[in-house]
Amino acid sequence: MSTTARFITADELLNLPGDQRRELVKGELHNMAPAGFDHGRIIMKLARLLSNYVVDHNLGVVLGAETGFKLAKNPDTVRAADVSFVAASRIPKDAQVFGFWDGAPDLAVEVVSPTDTVEEVDAKVDDYLTAGARLIWIINPKRRTVTVYRPNTNPEILRDIQSLDGADIVPGFRCAVLDVLT
């Protein structure tokens, strides 16, 4: 007897009951454990620094963890970066966006958790890049590094004495990697 896996859609994910953190990967539901203390601290520190800069320069919007981005359809993939940025030019002027954002953020930031595998992190990076993300920062608190991904280029590893740079995605934004990690 054969069985067929039942994939769910992004709309079904959006309407699931409960407070469980989830992502949808090629139609399959992935439950996510709550973030640890240091993980949450790093997310909030970077989100505050980035958001203050973005607001001061009217560049767009910075979104926190739990914000879903629909990266692929049929089967659907919905990822929720720890911190993300969407440029003002991509945000509808007179309309609110309900549900998941359709497409990738311009910048996606993931903080590596102790339970994350290299394969899981690589899959997230691939999903974001394939969907059109222009910049990805993978923060590894244990190694005290940030790996920077951009489309069609080799990743760059920044150490804690170097600086994150928003490049042309968040023009003029810079902060020390050490400032995010401590």
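In this chain, residues are counted from 1 in sequence order. As the structure is a prediction and not an experimental result, all values here were calculated from the model.
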Practice task
Sorted by first residue and then second, give each ring pair (Phe, Tyr, Trp, His ring centres under 6.0 Å) pair with at least one member in residues 157-182; sequence neighbours left out.
Solution key: Tyr53-Phe173
A side-chain contact here means heavy atoms from C-beta on lying under 4.5 Å apart; do [X] and [Y] qualify?
X	Y	answer
Trp137	Val83	no
Phe69	Val86	yes
Lys70	Asp76	yes
Leu50	Leu107	yes

Check salt bridge (Lys or Arg N to Asp or Glu O under 4.0 Å) between [X] and all other residues, then give those that pass, not counting sequence neighbours.
X	answer
Asp38	Arg41
Asp56	none
Asp160	Arg144
Asp102	Lys73

Practice task
Verify side-chain contact (heavy atoms from CB on, under 4.5 Å) between Ile138 and Val121, making sure each step is shown before the conclusion.
Solution key: CA-CA 8 Å; Ile138 303 296; Val121 173; 3.8 Å; yes
Check the hydrophobic clustering (I, L, V, M, F, W, Y; side-chain heavy atoms under 4.5 Å; chains of links allowed) and say if [X] and [Y] are grouped together.
X	Y	answer
Trp101	Leu63	yes
Ile169	Val61	no
Phe100	Val62	no
Leu164	Leu59	yes

Exercise for the section: Drop me the distance from Ile136's CD1 to Glu110's CD, to the nearest 0.5 angstrom. Expected result: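 It is 9.0 Å, given to the nearest 0.5 Å.
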Problem - Value rounded to 0.5 Å, distance of CG in Leu71 from NZ in Lys124 - result: 11.0 Å
Practice task
List in chain and number order the residues that pass side-chain hydrogen bond (donor to acceptor under 3.5 Å, both in side chains) with Thr147, two or more places apart in sequence or in another chain; answer none if no residue qualifies.
Solution key: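 Residues passing side-chain hydrogen bond (donor to acceptor under 3.5 Å, both in side chains) with Thr147: none at all.
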Exercise for the section: Please name all residues satisfying side-chain hydrogen bond (donor to acceptor under 3.5 Å, both in side chains) with Arg150, sequence neighbours left out, ordered by chain then number. Expected result: Asp168
[X] to [Y] - nearest heavy-atom pair and separation:
X	Y	value
His39	Val112	ND1-O, 4.1 Å
Pro141	Val111	CG-CG1, 3.8 Å
Gly166	Leu135	O-CD2, 4.0 Å
Ile139	Leu46	CD1-CD2, 3.8 Å

Show me the donor-acceptor pairs, under 3.5 Å and distance only, between side chains in residues 174-182 and residues at least two apart or in other chains.
residue, atom, partner, partner atom, Å
Arg174, NH1, Asp165, OD2, 3.0
Thr182, OG1, Leu178, O, 2.8

Handout entry: Counterpart residues, side chain to side chain contact (heavy atoms under 4.5 Å, CB included), relative to Thr115 (two or more places apart)
Key = Ser113
Problem - Partners passing side chain to side chain contact (heavy atoms under 4.5 Å, CB included) against Thr145 (at least two apart in sequence or in another chain) - result: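 Expected list: Asn140, Arg143, Ile157, Arg159.
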Under 3.5 Å, sequence neighbours excluded: what are the donor-acceptor pairs made by side chains of residues 125-133?
residue, atom, partner, partner atom, Å
Asp127, OD2, Arg79, NE, 3.0
Asp127, OD2, Arg79, NH2, 2.9
Tyr128, OH, Ala81, N, 3.0
Thr130, OG1, Asp126, O, 2.8

Exercise for the section: Check ring pair (Phe, Tyr, Trp, His ring centres under 6.0 Å) between Tyr149 and all other residues, then give those that pass, not counting sequence neighbours. Expected result: none
